[in-house]
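Here's the structure, in structure tokens; my notes come after.
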Amino acid sequence: MKNNKNQTQKLSENTVESDAENHPGSFIAWLQHIPAFLFNEQKLTQTRKAIVLNDLVDSSSPGMDYFTLILLSCTIATFGLLTNSAAVIIGAMLVAPLMSPILSLSMASISGLSRLFKRSLIAIVEGSGIAILLSALIAFLSYRLPFGVTAAIPNEVLARTSPSPMDLGIAIAGGAAAAYALAHPRLTAALPGVAIATALMPPLCVIGFGIAFMNSSIILGASLLFVTNLVAIAFAGIITFAAMGFGPRNMKETSKISRSLSISTFLVVVIGLLLAALAWNTISEARLYSQARTIILDSIDRYTTANLIDLTITSESDVKNISVTLRTTRDLTYAEVEEMQTEIAEELHSPVALEIIVVPMQILTPDGTPTPRVTQ
């Protein structure tokens, strides 16, 4: 007991000290005044800071427990993705231990502790690599052995291949909540909710699916989602830890913090712009599909009764290749299809190559009066 007390005192002496008093004009000092407006209490005591720092140092050192949880959470998440089970995937998020080294990365950045930074980064890289390889192996075997798994890519996988600016906002808020809850023991019950909101393990498993399917779009989309969550959580952790009074011990480490904060801010801005561009591209594609669908149905109604089954649009140079599958009551003539192609090109203001696949359809209506109601 005495040894533990001495260790705590030693950590208190070596812990991160705020330089708000010595450098009142610094950015760190400005951040450390935020608790007065956002939080119900002022900065943490030095003893509590020492405990938080000690916990993060321990969690940044990957050991058997860390890798065991990585393997288990990855296995749960992968099977959840395979079975399209959101409940199973949520369970994997609760088991995944990746949040701790990311917050350790934030603490190292705000404190100027280069050794903690390296250890946290190694833990993240090793855990992510193991998760990707294991999920790729499970997905590869599941789709090639007679387990009854269909060849279609699960919807839960596809849902994690198109990140948006909303994902960035969720990760920033989740990272701030995780850092704040970690520093206050009475709020640790909020950490499971943060783990669910800021998904870290499922995107890694989706990368493994992309490798198993040899699908570059899945790999790139899931990688962007994971990097978005990683950078946003680390950035939010830096801001939150600074606001709670953590900071450099001396002026020499201030330059390290400024560099880390600048890099993380730059990455958040770059990722935000990239996500905004992707979101705009998605909105433009959805608008194009809606416009093309409306034009096609309006045009086909002049010739026959039809139901739209499928619509695919691809771009090649300046030409939009539109493939339409329709159920119709009669076959269309080439002249009618050519007229439809001209109308679509005029409405879209772009050259169009139209292909229509017709599936015959019959509409049967019995003659005579409706069947009388049966009376008892």
Side-chain angles (χ1 to χ4, degrees), residues 62 64-102 124-164 166-168 170-171 174 178 189-230 232-233 275 278-279 282 286 309-310 312:
M64 183 59 66
D65 293 340
Y66 175 78
F67 290 116
T68 300
L69 289 177
I70 286 289
L71 292 173
L72 293 176
S73 62
C74 176
T75 302
I76 295 171
T78 303
F79 283 117
L81 292 169
L82 282 169
T83 57
N84 257 331
S85 174
V88 175
I89 297 172
I90 291 174
M93 297 177 192
L94 295 174
V95 179
L98 288 169
M99 181 67 76
S100 294
I102 295 177
I124 295 170
V125 172
E126 289 179 347
S128 302
I130 291 173
I132 291 172
L133 292 176
L134 179 59
S135 61
L137 178 62
I138 294 175
F140 180 85
L141 294 177
S142 298
Y143 281 92
R144 285 161 180 81
L145 295 179
F147 293 151
V149 178
T150 60
I153 299 175
N155 291 331
E156 290 289 341
V157 172
L158 297 176
R160 290 167 174 83
T161 58
S162 302
S164 69
M166 293 184 182
D167 294 302
L168 181 64
I170 292 170
L191 291 175
V194 174
I196 295 173
T198 56
L200 292 169
M201 184 56 69
L204 291 175
C205 296
V206 172
I207 296 174
F209 269 82
I211 294 174
F213 279 99
M214 300 299 291
N215 190 318
S216 59
S217 63
I218 292 179
I219 296 174
L220 293 176
S223 299
L224 180 58
L225 178 58
F226 176 74
V227 171
T228 297
N229 290 340
L230 172 63
I233 292 171
L275 293 177
L278 292 176
T282 301
I309 300 175
D310 185 50
T312 303

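From a predicted model like this one, the values you see are computed outputs, not experimental measurements. Counting begins at 1 with the first residue of the sequence.
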Taking atom CZ of F67 as the centre, does the number of heavy atoms from other residues, nucleotides or ligands within less than 6.0 Å exceed 12? yes
Can you check whether L225 reaches V206 side chain to side chain, under 4.5 Å on heavy atoms? no
State which residues pass side-chain hydrogen bond (donor to acceptor under 3.5 Å, both in side chains) with N84; sequence neighbours excluded, sorted by chain then number. none
So do S135 and I207 actually touch side chain to side chain, heavy atoms under 4.5 Å? no
Salt bridge (Lys or Arg N to Asp or Glu O under 4.0 Å) partners of residues 155-164, not counting sequence neighbours, each pair once: E156-R160
Which salt bridge (Lys or Arg N to Asp or Glu O under 4.0 Å) pairs, counting each pair once, include a residue from residues 65-86, with sequence neighbours left out? none
Atom pair CG/CG of L94 and L69 - distance to nearest 0.5 Å: 12.0 Å
Flag side-chain contact, heavy atom, 4.5 Å: L224 against T228: yes
Shortest non-hydrogen contact from S73 to M201? OG-CE, 3.2 Å
For residues F209 and I138, determine if any side-chain heavy atom of one lies less than 4.5 Å from a side-chain heavy atom of the other. no
For A222 and P203, the nearest pair of non-hydrogen atoms, with its separation, is CB-O, 3.5 Å
Looking at every non-hydrogen atom in both residues, tell me the closest pair between M99 and L200 and how far apart they are. N-CD1, 4.0 Å
To the nearest 0.5 Å, tell me how far I153 CD1 sits from L81 CG. 12.0 Å
Taking every heavy atom of G127 against every heavy atom of I70, the minimum-distance pair comes out as O-CG2, 3.6 Å
Is a donor on one side and an acceptor on the other found under 3.5 Å between the side chain of D167 and the backbone of S164? yes
Side chain to side chain contact (heavy atoms under 4.5 Å, CB included) with I76: of L71, V88, I89, I90, only one passes, and it is V88
If you define the side chain from C-beta out and look only at heavy atoms, does anything of T161 sit under 4.5 Å from N215? no
If we only count heavy atoms from C-beta on, is the P101 to Y66 side-chain gap below 4.5 Å? yes
Find the distance between OG (S223) and CD1 (I132) and round it off to the nearest 0.5 Å. 6.5 Å
